[in-house]
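FYI, the numbering just counts along the sequence from 1. We use all heavy atoms of the structure for the numbers below, so side chains are in, but hydrogens, waters and symmetry mates are not.
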Amino acid sequence: MERDGANRSLWQVSETYTPVNICDGNQLYDVIIVGGGITGLTTALLLQSAGKKCLLLEAHTLGFGTTGGTTAHLNTFFDTPYSKVIKNFDKQSAQLLANAAAEAMALIKTNIDEYNIDCNYTESEGYLFSINESQSKELEDIISSAQSVGVKAAFTNNSPFPIPYLKLAAFSDQAHFNPIKYIYSIAKAFEASGGVILQHHMVTEIEDENEQLNVKSNGELFKAVKVIYATHIPPGVNLLHFRCAPYRSYAVAVKLKSDYPLAMGYDMNDPYHYYRTQEVNGELYLIAGGEDHKTGHEENTDQCFRRLESHVRTYFDVETIAYKWSSQYYEPADGLPYIGNLPGSNRNIYVATGFGGNGMIYGTLSAILFSDILIKGKSIYEDLFDPERLKPIAGFTNFVKEAADVVGNFIKGKFNPEKIKGLADIASGEAKIIKAEGHILAMYKDEAHKLHVLNAACTHIKCTVGWNNSEKTWDCPCHGARYSPEGTVLNGPAQLNLEIIDWEEATLKSSLS
């Protein structure tokens, strides 16, 4: 299967999904879902099963984005712990969040049972450990707050991981699975219910016409009453782009010489590390992740993998590194995702974004919330995750910081470019940003020695892209848009490809499609 980078994830042993149902271009769909990851597919299945006529449009292939790069932890505790939710919001909000996590976990298990999904779903405990007094105090608050909202958690002295700790706590009723096997089965169930999937259909525009939404993609027009953006971050320019910061996280799947830990583990460092075991095609792998950083803010992403590998080899008896990959997530300003009506848009357009590192649960929760709103007219969770919210105390500092990052990258792109260098400086497989002919250029020479020269301005809001030397992509440091070496959009919020530069004539040629 395809993914949004050069590195292969553990899940890419699967083939690309092939839809079977034919799209009726004259059909007025009740709902068009944009995005073929766990959020979009779970939403599509729930709505289609409830009697809605649904069409799912995916810009690439199912699982191409973050779902194909997740480490697929299924947790009832989150990167933003209940202690912080209580502080930033209130106790009732923390209780709602705990209830929502339990409901999302239950839906995943129900889907696995109902549709006989073979995705190596495994229930296990999740261990959170501290290594110093400050972390231990924070861990005590995390466990106390989790217990106060009914999440099963307790301190223990029995660790399944060969990692030193000061204090250790275990969360019960956690799980993990193979995310691609899961979503492919969800896709089959959706099609079996009459739903339609179109891959390689990037949505470029939505027009509001007489209480009908006209969705444009690949020169085609699709009609719907409602549209849901399940694209990880909405396209275009929206207030949510200033409330969500893009991050990349790194993962390795390794073969061990000795026993594999049959649990999930998390340290409390910043950035933190996480671990679990997964069986794929009869083979066991230890999955370890971490070394997170803001997208486009790391000059040498290969070094992130080296640091992660060194960390894993320090504590585990590694035989070989079988897979390595990175993936993207969006961190919300106040710690909770934004799920509901897209700010500033038609009230019939919805969005789900800002999942942090908990996309499998929040993606499933989004489907529950959308299903409740569109079928029942109301969800008990919609106020908590309302995209229109902006809590000054909880979110304002982060909001200003992310806005400052955007301004900083505008200035860097326009006034501090790398000095002009000759083309001979670029070896095959290398890339760089240079200034020439009045333009800031993104230059890459492929393995066939062909030079690809692009306008380095991201087509979202014109920040200057940077080179990701591990994934072989151009990444935008402002809002996380990513492009192939040739300038093709891989991840939103950008919808247009980077402009191609004719280096010989220094003439812009548009490849915006």
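- Evaluation of the ring pair (Phe, Tyr, Trp, His ring centres under 6.0 Å) rule for Phe78 yields Tyr362 as partners, not counting sequence neighbours.
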**OP:** Give the C-alpha distance, both sets of side-chain angles, the deciding distance and a yes or no for ring-ring contact (aromatic ring centres under 6.0 Å, His included) between His479 and His241.
**Re:** CA-CA 6 Å; His479 301 112; His241 299 131; 5.8 Å; yes
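- Atom NE2 of His200 is separated from atom CD of Glu2 by 5.0 Å, given to the nearest 0.5 angstrom.
- Taken from OG1 in Thr364 to CG in Leu74, the straight-line distance is 7.5 Å, to the nearest 0.5 Å.
- Residue pairs that meet the salt bridge (charged side-chain N to carboxylate O under 4.0 Å, His left out) test with at least one member in residues 358-371, sequence neighbours left out, do not exist here.
- Nearest heavy atoms, Met202 versus Ser217: O-OG, 2.9 Å.
- Judged as a side chain to side chain donor-acceptor pair (under 3.5 Å), and not counting sequence neighbours, Asp383 has no contacts.
- Nearest approach of Gly340 to Phe370, heavy atoms of both residues: N-CE2, 4.0 Å.
- Residue pairs meeting the salt bridge (charged side-chain N to carboxylate O under 4.0 Å, His left out) criterion with at least one member in residues 106-123, sequence neighbours excluded: Lys109-Glu123.
- Under the 3.5 Å distance criterion, with hydrogens and angles disregarded, a donor-acceptor pair is assigned to the side chains of Gln95 and Asn99.
- Side chain to side chain, Tyr272 and Asp79 meet the donor-acceptor criterion of an N or O pair below 3.5 Å.
- Across Tyr82, Tyr127, Phe77, a single residue satisfies ring-ring contact (aromatic ring centres under 6.0 Å, His included) together with Phe171, and that is Phe77.
- Under the side chain to side chain donor-acceptor pair (under 3.5 Å) criterion, Tyr275 pairs with His311, sequence neighbours left out.
- Sorted pairs that involve residues 217-239 and meet salt bridge (charged side-chain N to carboxylate O under 4.0 Å, His left out), not counting sequence neighbours, are lacking altogether.
- A side-chain donor from one of Ser470 and Asn7 sits under 3.5 Å from a side-chain acceptor of the other.
- Between Asp334 and Arg243, no side-chain nitrogen of the basic residue sits less than 4.0 Å from a carboxylate oxygen of the acidic one, so the salt-bridge criterion is not met.
- Judged as a side chain to side chain donor-acceptor pair (under 3.5 Å), not a single pair has a partner in residues 20-38 (not counting sequence neighbours).
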Original post:
Checking ring-ring contact (aromatic ring centres under 6.0 Å, His included) for the pair Tyr274/His73: CA distance, chi angles, key distance, verdict?
Top reply: CA-CA 9 Å; Tyr274 43 96; His73 291 238; 5.7 Å; yes
Original post:
Which is it for Trp474 and Tyr444 under the ring-ring contact (aromatic ring centres under 6.0 Å, His included) test, yes or no, and what are the steps along the way?
Top reply: CA-CA 10 Å; Trp474 295 107; Tyr444 170 74; 7.4 Å; no
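- Between Met1 and Leu62, the shortest heavy-atom contact is CE-O, 4.1 Å.
- A donor atom on one side chain and an acceptor atom on the other are not found under 3.5 Å apart for Asp475 and Thr295.
- With sequence neighbours excluded, the residues satisfying side chain to side chain donor-acceptor pair (under 3.5 Å) with Ser484 are Glu486.
- Side chains of Phe355 and Ser366 form a contact here, defined as non-hydrogen atoms less than 4.5 Å apart.
- For Asp4, the salt bridge (charged side-chain N to carboxylate O under 4.0 Å, His left out) test picks out Arg482, with sequence neighbours left out.
- Looking at Thr67, Asn111, Asn120 one by one, the single match for side-chain hydrogen bond (donor to acceptor under 3.5 Å, both in side chains) with Tyr182 turns out to be Asn111.
- Atom OG1 of residue Thr277 and atom CD1 of residue Ile287 lie 8.0 Å apart, to the nearest 0.5 angstrom.
- In this structure, cysteines Cys463 and Cys478 have SG atoms closer than 2.5 angstrom.
- When atom types are taken as modelled, the side chain of Ser379 and the backbone of Tyr381 share a donor-acceptor pair closer than 3.5 angstrom.
- Counting only N and O atoms by type, the side chains of Glu471 and Ser326 include a donor and acceptor under 3.5 Å apart.
- In this structure, CD in Glu279 is found 10.0 Å from OH in Tyr285, a value given to the nearest 0.5 Å.
- Legend: residues meeting side chain to side chain contact (heavy atoms under 4.5 Å, CB included) with Ala189, ordered by chain and number and at least two apart, are Leu45, Tyr115.
- Judged as a side chain to side chain donor-acceptor pair (under 3.5 Å), the pairs with a partner in residues 227-236 (not counting sequence neighbours) are, in order, Thr66-His232.
- Among residues two or more places apart in sequence or in another chain, the side chain to side chain donor-acceptor pair (under 3.5 Å) test is passed with Thr301 by Asn468, Asn469.
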